[in-house]
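Data first, discussion second: the structure below is written as structure tokens.
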Amino acid sequence: MNKKIFVTEPFLPPLKEFNVYLKQIWKNKLITNNGPFHKQLEQELCNYLGVKHISLFANGTIALLVAIKALELTGEVITTPYSFVATVHSIKWNGLEPVFVDIDPKYYNLDPSKIEEAITDKTTAILPVHVYGNPCETKKIKHIAEKYNLKVIYDAAHAFGVKKDGKSILNEGDLSILSFHATKVFNTFEGGAIVSHSAEMKKKIDDLKNFGFQDQITVEGIGINGKMNEVQASMGLLQLKYFEQVIEKRKRITENYREGFKNVKGIRYLADLEDVKYNYAYFPIFINENEYGKSRDDVYNALKKHNIYGRIYFYPLISRFSAYKDLFSSKSANLSMAEKISEDVICLPIYPDLSTDQVNYIISVINDG
Ligand SMILES: Cc1ncc(COP(=O)(O)O)c(C=O)c1O
């Protein structure tokens with residue numbers, strides 16, 4: 001195949017349908033600051049996701065920054081090194097200290113059995129990530145948070161639409177944040193959101209994302225500009241219309257990959273849990289070099305030679321970046337599972353328009369070496 005296959009491609013609704021929204025925005029002359037499409041998207045997302053309150057943002061990173069600010073955290077925040085760097089940057093940008101805890105050996109989320117030993121008298125919160133859309137062990141995390149009086153913010157950037165026992169996992173913790181970046185299952189070009197559970201908290205978040213304005217002459221707190229505009233919001237309304245179709249296509253690709261690798265020694269993929277409704281956001285595989293006979297980097301480079309661009313996501317660990325490498329909790333001995341998984345992983349291409357032929361081609365390149 002000559003055409004390059006990238007790890008992802010954004011889903012774009014028919015341009016004709018987007019133009020209808022654009023015409024309306026031009027007519028309204030309200031292009032940002034809680035316009036009509038912004039209001040409509042917040043309402044439709046609450047209904048679709050099954051959550052009480054949602055505040056839209058310009059992107060997921062500002063949503064993370066504001067979530068931490070809204071909870072008025074101080075001191076140390078426990079988090080994972082196995083994530084996108086924005087998770088930990090958001091802690092540092094708020095003037096707080098990230099404390100890394102290792103990941104669990106099954107789904108590679110923050111390991112609840114290791115959290116308690118990292119808690120100090122400065123700890124005020126836990127910031128876990130539902131990595132690849134696989135739900136964290138929320139019950140265990142809740143139990144620890146209650147025992148030590150800590151807040152919990154879930155980075156749910158990968159987990160749009162994911163449910164456990166029929167309920168949205170976005171209802172867990174004090175707050176959850178979402179990313180609607182172009183690479184995500186649901187995109188508004190760039191975008192994000194905070195899910196909150198009370199009208200008071202939603203107001204606080206909405207004020208913070210609008211500089212702290214209460215009215216034209218009153219500013220409370222140190223706000224920021226995190227607002228989503230009307231073009232982004234209208235894109236979100238269209239994405240929502242097509243979302244179930246998008247997930248169906250991603251599910252088909254996932255099943256195809258699983259079938260292709262099920263008897264290959266040394267290549268592992270994550271299994272589904274029965275009580276979870278997935279969004280099939282990513283398809284990570286994990287290469288066991290001893291069993292497979294080739295390293296992760298060999299496989300990655302072989303794919304590249306065939307115009308297939310996977311992503312070694314997440315490598316390197318956040319704890320290896322210059323801003324964090326000298327932290328006490330960044331020591332390799334503290335993060336042995338995360339170190340290992342980050343050396344083994346490749347995320348394979350997955351997006352709604354990836355054809356069955358392309359998926360079979362990717363499988364054959366890996367299986368035939
Ligand atoms: C786990 C995680 N957290 C945070 C973000 C930041 O989101 P955004 O790119 O919308 O700022 C991303 C994605 O980019 C992510 O994957």
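Just so we're clear, the structure is a prediction, and the values are computed from it rather than from any experiment. Note that ligands are numbered from 1 as they come in the structure, with each ligand's atoms numbered from 1 the same way.
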Run the numbers for me: atoms of ligand 1, each under 4.0 Å from some heavy atom of [X], listed by number.
X: Asn59; result: 10 (O), 11 (O)
X: Tyr313; result: 16 (O)
X: Gly191; result: 10 (O)
X: Ser83; result: 1 (C)

Are any of the N or O atoms of [X] closer than 3.5 Å to those of ligand 1?
X: His158; value: yes
X: Phe84; value: no
X: Thr61; value: yes

Identify, with sequence neighbours excluded, every residue that meets ring pair (Phe, Tyr, Trp, His ring centres under 6.0 Å) alongside Tyr361. none
Is Asp155 touching ligand 1 with its side chain, its backbone, both, or neither, if touching means heavy atoms under 4.0 Å apart? side chain
Using a 4.0 Å heavy-atom cut-off, say whether Lys184 meets ligand 1 through its side chain, its backbone, both or neither. side chain
Report the residue from Tyr154, Tyr108, Tyr82 that forms a ring pair (Phe, Tyr, Trp, His ring centres under 6.0 Å) with His130. Tyr154
Applying side-chain hydrogen bond (donor to acceptor under 3.5 Å, both in side chains), name anything that partners Asn360, two or more places apart in sequence or on another chain. none
For His143 and Tyr148, test the side chains for any donor-to-acceptor distance below 3.5 angstrom and give the result as yes or no. no
Please determine, by modelled atom types, if Glu255 and Tyr280 share a side-chain donor-acceptor pair under 3.5 angstrom. no
Determine whether the aromatic ring centres of residues Tyr269 and Phe286 are separated by less than 6.0 angstrom. no
Is Glu146 salt-bridged to Lys142, cutoff N-O under 4.0 Å? yes
